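Report on the following structure.
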Amino acid sequence: MTDSISQPLQQVRQRLADAEHAAGRPAGTVRLLAVSKTFPAADIEQAYLAGQRAFGENYVQELQQKAEALAGLEIEWHFIGPLQSNKTRAVAELAHWAHSVERLKIAERLSAQRPDTLPPLNVCIQVNVSGEASKSGCAPEQALELARAVAALPRLALRGLMCIPEPTEDTARLASQFALLRQLRERLNAEGLALDTLSMGMSADMAVAIAEGATMVRVGTAIFGARHYH
Ligand SMILES: *Cc1c(COP(=O)(O)O)cnc(C)c1O
């Protein structure tokens, strides 16, 4: 039996622990979300056997297929991709978390479509921290108003903020964009919200994100390998 997943997974856990330690943060404060988009259910199963429980998907159809194929496992599904209004129902029915809420209309649909038999859907508001015009996410100045409205929806549990920084190897630039998300959470909490989650950091920049306060890192390539889109 090949062991193509558990070894890199173990290395990522070690990197995460090292980054917590380097940042002076208690061990176990950062959760690892394994981003399995484009990889088959069999790979998820391998990671699961190695103890991983939280998995992230970007495409609704893939989430549906994998959730069905792996229905017997106790997986916590996180939807992290762009949310279109005609695709919200599957996310509301299958996911435990949605990280990419950037508009009230999408949040309202998720709340309305969340089945009563399930606990509220955990959500993060995606914020555009780099200011790039092409980037998803609400503007930082809109986050408070959106967060208040989302927090009032009955079938959602607003947990925090999510960002994807500018793709750059400039660590100081990355750090300042992650810091912006951390400061925004502090500001929102000072306004009476109760956000416990900062979803930030990926394969290449997880240590920078952890140094800036990430509570959940979303790691794909470093666990599953390079993605091939078809
Ligand atoms: C694909 C993806 C990731 C994982 O990125 P890697 O560089 O492969 O670790 C994290 N977050 C989001 C939103 C993604 O789309």
Side-chain angles (χ1 to χ4, degrees), residues 4-19 30-40 43-44 46-47 50 52-63 65-66 75-84 87-88 91 95-103 106 110 121-130 132 134-138 159-171 173-175 177-178 180-181 197-230:
S4 57
I5 308 273
S6 74
Q7 209 175 341
L9 177 61
Q10 191 49 44
Q11 284 164 358
V12 167
R13 286 177 179 147
Q14 189 59 53
R15 276 174 62 195
L16 192 158
D18 291 347
V30 182
R31 281 192 83 196
L32 175 61
L33 176 62
V35 176
S36 43
K37 65 183 178 210
T38 78
F39 290 97
D43 287 1
I44 295 178
Q46 269 202 49
Q52 180 65 29
R53 291 294 176 269
F55 292 88
E57 290 287 339
N58 283 57
Y59 309 102
V60 170
Q61 205 184 343
E62 256 191 88
L63 171 66
Q65 287 164 355
K66 293 175 192 175
I75 289 179
E76 185 180 281
W77 292 109
H78 293 239
F79 190 79
I80 63 174
L83 268 163
Q84 285 143 9
K87 300 271 178 70
T88 50
V91 173
H96 302 81
W97 284 72
H99 292 230
S100 40
V101 171
E102 57 174 356
R103 295 187 280 140
I106 296 290
L110 289 171
L121 177 67
N122 297 296
V123 303
C124 291
I125 290 174
Q126 183 172 353
V127 180
N128 181 351
V129 292
S130 67
E132 296 164 282
S134 61
K135 264 291 164 54
S136 302
C138 76
R159 297 294 298 272
L161 305 175
M162 179 273 226
C163 75
I164 305 173
E166 189 183 339
T168 170
E169 287 171 14
D170 181 341
T171 303
R173 262 183 105 82
L174 284 171
Q177 293 177 18
F178 290 137
L180 196 154
L181 202 70
T197 299
L198 284 178
S199 167
M200 60 189 198
M202 311 195 284
S203 293
D205 57 19
M206 62 183 274
V208 184
I210 289 169
E212 293 298 335
T215 66
M216 202 183 303
V217 290
R218 310 178 308 267
V219 179
T221 310
I223 297 172
F224 296 104
R227 286 180 290 274
H228 303 285
Y229 292 91
H230 28 251

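FYI, the numbering just counts along the sequence from 1. Note that the structure is predicted; figures quoted are calculated from it, not measured. Just follow the structure's listing: the first ligand is 1, and inside any ligand the first atom is 1.
In this structure, the salt bridge (charged side-chain N to carboxylate O under 4.0 Å, His left out) partners of Arg159, at least two apart in sequence or on a different chain, are Asp196. For the salt bridge (charged side-chain N to carboxylate O under 4.0 Å, His left out) test, residues two or more places apart in sequence or in another chain that qualify with Arg31 are Glu76. Considering only residues two or more places apart in sequence or on other chains, Glu212 meets the side chain to side chain donor-acceptor pair (under 3.5 Å) condition with Arg182.
Of the possible donor and acceptor atoms, one in the side chain of Arg218 sits under 3.5 Å from a partner among the backbone N and O of Ser199. Ser100 places a side-chain N or O within donor-acceptor distance of the main-chain N or O of Gly81, the cut-off being under 3.5 Å.
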- Residue pair Ser130, Glu132: steps toward the side-chain hydrogen bond (donor to acceptor under 3.5 Å, both in side chains) verdict: CA-CA 5 Å; Ser130 67; Glu132 296 164 282; 2.6 Å; yes

Note every protein N or O atom lying under 3.5 Å from an N or O atom of ligand 1, pairing the names and giving the distance.
| from | atom 1 | to | atom 2 | distance (Å) |
| --- | --- | --- | --- | --- |
| ligand 1 | 8 (O) | Thr221 | N | 2.8 |
| ligand 1 | 8 (O) | Thr221 | OG1 | 2.5 |
| ligand 1 | 8 (O) | Arg227 | NH1 | 2.8 |
| ligand 1 | 8 (O) | Arg227 | NH2 | 3.1 |
| ligand 1 | 9 (O) | Ser203 | N | 3.0 |
| ligand 1 | 9 (O) | Ser203 | OG | 2.5 |
| ligand 1 | 9 (O) | Gly220 | N | 2.8 |
| ligand 1 | 11 (N) | Arg218 | NE | 2.9 |
| ligand 1 | 15 (O) | Lys37 | NZ | 2.7 |
| ligand 1 | 15 (O) | Asn58 | ND2 | 2.7 |

